[in-house]
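Okay, structure first, notes after.
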Amino acid sequence: MTVANKNIVDSYSKLFEGLDTFTKLELIERLSKSLKKEKNSKDKLFYKSFGAFPADKSAEEITEEIRASRKFRQKDLMF
């Protein structure tokens, strides 16, 4: 844990000392949910990184579109 994170945790723990038990339990529940949510979103991002095309086109049609969209300009080389 970095020094900055330790200071943040210490500051929040001092804030929570004045709260009643029910409120502390509610905070724990919400923190737990946010941790689960974060893990799920990281997993989804990982699986999305495989690069599948969400299209109804065949691979050949996609390849032809890519090739047709390329534009090259001719350079005259003077030696």
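Since the model is a prediction, treat every value here as computed from it, not as a measurement.
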A59 to T63 - nearest heavy-atom pair and separation: O-OG1, 2.7 Å
If you take all heavy atoms of L19 and K24, which pair is closest and at what distance? O-CE, 3.3 Å
Is it possible for you to say whether L27 and L15 belong to one hydrophobic cluster, with membership spreading through side-chain heavy-atom contacts below 4.5 Å? yes
Would you say F16 ends up clustered with I28 if hydrophobic residues are merged whenever their side chains have heavy atoms under 4.5 Å apart, either directly or through other cluster members? no
Side chains of E29 and L25: does their closest heavy-atom pair fall under 4.5 Å? no
Any T2 side-chain heavy atom under 4.5 Å of N7 side chain: no
Where the side chain of E64 meets the backbone of E61, is there a donor-acceptor pair that is under 3.5 Å apart? no
Value for NZ (K33) from NZ (K36), rounded to nearest 0.5 Å, stands at 9.0 Å
Hey, could you give me the CE/CD1 distance between M1 and I8, rounded to the nearest 0.5 Å? 10.0 Å
With a 3.5 Å cut-off and no angle check, do the side chains of D20 and T23 form a donor-acceptor pair? yes
Full working for salt bridge (charged side-chain N to carboxylate O under 4.0 Å, His left out) between K14 and D10: CA-CA 6 Å; K14 288 176 186 173; D10 289 340; over 6 Å; no
